[in-house]
Amino acid sequence: RSVASKGYFETVIWSFTDSKLNYLFKENYKEIKIVNPISSDLDVLRNSIFSNLVTHLIKNIDRGFKDISMFEIGPTFSGHKPGEQKIVVGALRSGKISRINWAEKDRLVDVFDAKRDVMQTLIETGLDDKNFHIKSNAPNFYHPGKSGAIYQNSKSDKPIAFFGEIHPNI
């Protein structure tokens, strides 16, 4: 509800994806091939929720939608064993902010919009933002200078969220 309240539309996408696209988002995780895939381009379980979100974002842009905000809650896979699956939330936004708003000038979505949405969502889930700690060590599929990782406090070693622009090469 928190993500949807910020203007994002929920998507429901397969948990498997194209291995060529998954490669761009898999980081250090092992690729998990599907023995009997339903099609040749859906041949692995996704290591990141973004592999499918990016595909559907591009399809919507190609169909003429200008300003898109979408999210998914679903599993990602880092190995074959049962404990190597996580349920995550991923969201993408593209286009302009306030394009049809007479009170504000329109502008392109930027990293600060992503950061605001992530921070506000974390606060709405009950986390205390006074202790949040932000570092620049986002996964490699994020733009290196326009992304970050949010930690619950300065002593945490695992991030609770990431934000930023997708790497320009992707």
Side-chain angles (χ1 to χ4, degrees), residues 1-79 84-101 106-122 124-125 138-144 146-150 159-170:
R1 287 185 187 163
S2 176
V3 179
S5 73
K6 292 165 187 58
Y8 291 83
F9 290 100
E10 185 173 9
T11 61
V12 179
I13 308 173
W14 299 107
S15 293
F16 29 89
T17 190
D18 185 351
S19 57
K20 294 176 193 114
L21 188 57
N22 188 63
Y23 178 77
L24 300 171
F25 295 94
K26 79 178 191 121
E27 295 203 70
N28 298 327
Y29 297 125
K30 192 166 80 175
E31 185 175 79
I32 304 164
K33 292 210 175 271
I34 298 173
V35 176
N36 189 13
I38 62 171
S39 74
S40 61
D41 62 339
L42 297 173
D43 58 339
V44 297
L45 292 173
R46 65 184 176 194
N47 294 113
S48 168
I49 203 158
F50 290 113
S51 60
N52 289 343
L53 279 174
V54 165
T55 300
H56 291 290
L57 176 74
I58 292 168
K59 286 180 182 180
N60 279 282
I61 290 171
D62 289 346
R63 290 184 177 111
F65 294 100
K66 295 177 183 173
D67 307 318
I68 302 167
S69 299
M70 58 206 260
F71 78 99
E72 182 183 11
I73 300 171
T76 60
F77 304 87
S78 59
E84 298 174 324
Q85 174 182 340
K86 291 188 286 190
I87 302 295
V88 299
V89 177
L92 288 176
R93 181 172 259 187
S94 177
K96 291 187 176 183
I97 301 285
S98 305
R99 182 186 300 262
I100 56 174
N101 184 340
D106 63 341
R107 61 177 177 78
L108 292 174
V109 173
D110 63 20
V111 67
F112 301 107
D113 295 313
K115 180 181 176 185
R116 180 200 61 226
D117 289 347
V118 171
M119 296 281 283
Q120 188 62 38
T121 299
L122 291 171
E124 290 169 2
T125 62
N140 58 11
F141 53 83
Y142 283 101
H143 189 294
K146 298 180 182 179
S147 59
I150 302 173
I160 55 174
F162 299 103
F163 65 90
E165 292 182 16
I166 297 293
H167 198 287
N169 291 342
I170 295 175

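Taking both residues in full, the closest heavy atoms of Ser69 and Gly7 are given as CB-O, 3.6 Å, listed atom of the first, atom of the second, then distance. Residues Lys30 and Asn47 share a closest heavy-atom pair of O-ND2, 3.3 Å. Across all non-hydrogen atoms, the minimal contact from Gly164 to Ala114 is N-CB, 4.1 Å. Here the closest heavy-atom approach between residue Phe16 and residue Ile38 is recorded as CE1-CD1, 3.6 Å. Residue Lys146 comes nearest to Val111 through the heavy atom pair O-CG2, 3.3 Å, listed as atom of the first residue, atom of the second, then distance. Minimum heavy-atom separation, Ala91 to Phe71: CB-CB, 3.7 Å.
In summary, Lys59 and Asp62 do not engage in a salt bridge, as defined by a charged side-chain N under 4.0 Å from a carboxylate O. Ionic pairing of Lys6 and Asp113 is not present here: no N-O contact between side-chain nitrogen and carboxylate oxygen is shorter than 4.0 angstrom. Here Lys96 pairs with Asp106 in a salt bridge; the nearest charged N to carboxylate O distance falls below 4.0 Å.
In this structure the side chain of Ser15 reaches within 4.5 angstrom of the side chain of Arg46, judged on heavy atoms. Between Leu24 and Val54 there is no side-chain heavy-atom pair separated by less than 4.5 Å. Side-chain contact between Phe141 and Glu27: present, with at least one pair of heavy atoms (C-beta onward) separated by less than 4.5 Å. Contact check for Ile34 versus Asp43: no side-chain heavy atoms found under the 4.5 Å cut-off. Looking at Leu42 and Pro37, their side chains never come closer than 4.5 Å, going by heavy atoms from C-beta outward. Looking at heavy atoms from C-beta onward, Asp117 lies in side-chain contact with Arg93 at the 4.5 angstrom threshold. With a 4.5 Å cut-off on side-chain heavy atoms, Thr76 and Tyr29 do not count as touching. Using a 4.5 Å cut-off on side-chain heavy atoms (C-beta onward), His167 and Pro144 make contact.
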Handout entry: From CA spacing to verdict: side-chain hydrogen bond (donor to acceptor under 3.5 Å, both in side chains), Asn22, Thr17
Key = CA-CA 7 Å; Asn22 188 63; Thr17 190; 5.8 Å; no
Practice task
Starting from the C-alpha separation in whole Å, work towards a yes-or-no answer on side-chain contact (heavy atoms from CB on, under 4.5 Å) for Phe25 and Ile170.
Solution key: CA-CA 9 Å; Phe25 295 94; Ile170 295 175; 3.7 Å; yes
Handout entry: side-chain contact (heavy atoms from CB on, under 4.5 Å) evaluation trace for Val3 with Ile73
Key = CA-CA 10 Å; Val3 179; Ile73 300 171; over 6 Å; no
Exercise for the section: Apply side-chain contact (heavy atoms from CB on, under 4.5 Å) to the pair Leu57 and Leu53, showing each step before the final yes or no. Expected result: CA-CA 6 Å; Leu57 176 74; Leu53 279 174; over 6 Å; no
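To the nearest 0.5 Å, atom CD1 of residue Ile13 and atom CE of residue Met70 are 5.5 Å apart. The line from CZ of Phe163 to OG1 of Thr121 is 13.0 Å long, rounded to the nearest 0.5 Å. Expressed to the nearest 0.5 Å, how far OG1 of Thr11 lies from CG of Asn60 amounts to 9.5 Å. Once rounded to the nearest 0.5 Å, the distance linking OH of Tyr8 with CD of Glu72 reads 15.0 Å. Rounding to the nearest 0.5 Å places CD1 of Ile150 at 5.5 Å from CG of Leu122. In this structure, the separation between OG on Ser19 and NZ on Lys33 is 5.0 Å, given to the nearest 0.5 Å.
Applying the 6.0 Å contact sphere to CZ of Phe162 captures more than 12 heavy atoms from other residues, nucleotides or ligands.
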